[in-house]
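Counting begins at 1 with the first residue of the sequence.
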Amino acid sequence: MDSGLYLVATPIGNARDITLRALDILTSAEVLVAEDTRTLRKLLDIHAIPLGGRRILAYHDHSSPADRAKVMALAAAGSVAYASEAGTPLIADPGFKLVQDAHTMGICVTAAPGPSAVVTALSLAGLATDRFLFAGFLPPQAAARTAALTDLLATKTTLVLYEAPNRTADLCAAIAHIAGPDHPVTLCRELTKRFEEIDRTTADALATRCRAKAPKGEVVLVVAPMMGKTAEDSDIDSALRNALLTMRVKDASEIVAGAFNLPKRQVYQRALQVAQDNADSNTDPNTNTSDS
Ligand code: SAM
């Protein structure tokens with residue numbers, strides 16, 4: 001194996017979610033470095049990878065510049081595999097400074113890509129994925145969290161947030177406050193694990209649910225883009241008029257709400273109005289609907 005730093009993505013729950021290449025690298029690297037040495041040791045055991053006298057060094061958020069220099073020296077001289085505690089290194093996990101130093105020092109750095117909670121949650125959330133913004137953990141203090149959320153929601157992209165279970169209620173309440181109680185959100189809990197749960201709901205409903213009982217395990221919250229209300233009104237009406245040509249109000253509003261990532265109740269009210277306007281114009285004696 002060539003010398004350099006190999007970033008190895010590891011499972012976020014299900015131990016079998018690891019690539020063949022990741023297993024090859026963990027088998028062959030001369031030195032193993034891990035955010036949590038016990039977790040990596042366990043993973044090696046599960047996949048019957050022998051340590052064979054190799055060292056597992058610890059490298060985490062509290063490691064010193066000297067620790068980093070040591071990893072760099074090892075990667076300059078031989079192959080070093082680095083794994084964070086779970087998922088992809090550097091994604092809300094340590095490794096950034098290692099990669100930065102590797103580039104600066106001309107040390108080869110490559111990755112064995114694999115699981116990450118951000119992509120897993122996005123693919124399951126049922127919210128728009130064409131543009132998204134991953135913001136990791138927001139600050140826990142209420143004022144800082146509200147400021148961060150206000151900026152993030154203004155980007156009008158789907159947001160992917162990591163959160164501690166006991167803070168999920170406050171996070172959802174803050175989203176409801178800024179974007180409205182019906183704003184669509186999806187709770188993605190315990191991904192790839194036995195009690196995996198995907199709850200596609202609204203900010204207010206999820207805040208209430210999590211306030212009554214904090215979710216257990218690990219949590220990702222996916223938040224629908226906050227659409228500019230006035231700018232899209234005419235688009236929504238036009239989509240509703242089209243949909244109402246072939247559908248009932250309920251179905252039309254569900255389809256349009258999904259397409260625009262808007263709360264169903266809000267679009268349903270609009271659909272009722274559009275349907276009423278259609279009916280009025282069809283019965284208006286002044287409206288000439290004949291071809292003559
Ligand atoms: N590096 C990891 C990745 O690639 O996703 C993220 C590490 S970060 C320290 C841990 C956070 O990721 C958890 O608090 C949770 O928000 C999210 N997470 C990790 N695994 C998860 C899972 N199986 N289900 C839901 N969220 C998960």
Connected via hydrophobic side-chain network under 4.5 Å: Val223 and Ile91: no

Shared hydrophobic cluster for Val71 and Leu51 (ILVMFWY, side-chain gaps under 4.5 Å): no

CA sep, side-chain torsions, deciding dist, call: Asp237, Arg270, side-chain contact (heavy atoms from CB on, under 4.5 Å): CA-CA 8 Å; Asp237 286 359; Arg270 243 193 139 76; 2.7 Å; yes

Nearest-0.5 Å distance that lies between atom CG in Leu26 and atom CG in Leu43: 6.5 Å

Pairwise distance CZ(Arg248) to CG(Asp251) - rounded to 0.5 angstrom: 4.5 Å

Expected output: side-chain Thr158 to main-chain Ala128 donor-acceptor under 3.5 Å: yes

Heavy-atom side-chain contact between Leu32 and Leu44 under 4.5 Å: yes

Value rounded to 0.5 Å, distance of CD in Glu254 from OH in Tyr268: 10.0 Å

CZ on Arg241 to CD1 on Ile236, rounded to 0.5 Å: 11.5 Å

Residue pairs involving residues 131-153 (criterion salt bridge (charged side-chain N to carboxylate O under 4.0 Å, His left out); sequence neighbours excluded): none

Criterion side chain to side chain contact (heavy atoms under 4.5 Å, CB included) against Val118, the qualifying member of Val160, Val220, Leu161: Val160

Pairwise side-chain contact, Leu221 with Cys188, heavy-atom cut-off 4.5 Å (strictly under): no

side-chain contact (heavy atoms from CB on, under 4.5 Å) between Val274 and Val249, worked out: CA-CA 9 Å; Val274 171; Val249 168; over 6 Å; no

Any donor-acceptor N/O pair, His60 side chain to Pro94 backbone, under 3.5 Å: no

Residue pairs, two or more places apart or on separate chains, that pass side-chain hydrogen bond (donor to acceptor under 3.5 Å, both in side chains) and touch residues 46-57: none

Verdict with supporting geometry, Tyr6 and Tyr82, side-chain contact (heavy atoms from CB on, under 4.5 Å): CA-CA 6 Å; Tyr6 294 75; Tyr82 175 66; over 6 Å; no

side-chain hydrogen bond (donor to acceptor under 3.5 Å, both in side chains) partners of residues 195-211, not counting sequence neighbours, each pair once: Asp170-Arg211, Arg189-Glu197, Glu197-Arg209, Asp199-Arg209

Shortest non-hydrogen contact from Leu40 toward Val33: CD2-O, 4.5 Å

Contacts of type salt bridge (charged side-chain N to carboxylate O under 4.0 Å, His left out), residue Asp17, not counting sequence neighbours: none

Side chain proximity check, Gln269 to Leu272, heavy atoms < 4.5 angstrom: yes

Where Ala164 and Thr168 come nearest, the two heavy atoms and their spacing: O-OG1, 3.1 Å

Linked, directly or transitively: Phe137 and Leu206 (ILVMFWY side chains, under 4.5 Å): no

Side-chain H-bond candidate by donor/acceptor type, Ser84 with Asp93, under 3.5 Å: yes

Trace of the side-chain contact (heavy atoms from CB on, under 4.5 Å) decision for Leu171 with Leu149: CA-CA 9 Å; Leu171 175 63; Leu149 268 175; 4.1 Å; yes

side-chain hydrogen bond (donor to acceptor under 3.5 Å, both in side chains) pairs, two or more places apart, involving residues 67-81: Glu30-Ser79, Ser64-Asp67, Arg68-Asp101

Non-hydrogen atoms of Ala22 and Ala9 that approach each other most closely: CB-O, 4.2 Å

Within 6.0 angstrom of Asp2 CG, more than 12 heavy atoms from elsewhere: no

Where Thr10 and Ala86 come nearest, the two heavy atoms and their spacing: OG1-CA, 3.6 Å

Expected output: side-chain Arg21 to main-chain Ala111 donor-acceptor under 3.5 Å: yes

Ser28 side chain to Ile25 backbone, donor-acceptor under 3.5 Å: no

Whether over 12 other heavy atoms sit under 6.0 Å from Phe132 CZ: no

Common cluster, Ile12/Tyr162, ILVMFWY with side-chain heavy-atom separation under 4.5 Å: yes

Leu124 side chain near Val222 side chain, heavy-atom distance below 4.5 Å: no

Counterpart residues, salt bridge (charged side-chain N to carboxylate O under 4.0 Å, His left out), relative to Lys193 (two or more places apart): Glu190, Glu218

Atom NE2 of His177 with >12 non-hydrogen neighbours under 6.0 angstrom: no

Value rounded to 0.5 Å, distance of CE in Met226 from CD1 in Ile175: 11.0 Å

Whether Glu35 side chain and Glu85 backbone form a donor-acceptor pair below 3.5 Å: yes

Rounded distance (nearest 0.5 Å) linking atom CE of Met105 with atom CD of Gln100: 12.5 Å

Closest contact, heavy atoms only, Ala179 versus Leu153: CB-CD1, 4.3 Å

Closest non-hydrogen atom pair between Thr129 and Leu122, with its separation: CG2-O, 3.7 Å

Whether over 12 other heavy atoms sit under 6.0 Å from Leu245 CG: yes

ILVMFWY network linking Leu23 to Leu7, side-chain heavy atoms under 4.5 angstrom: no

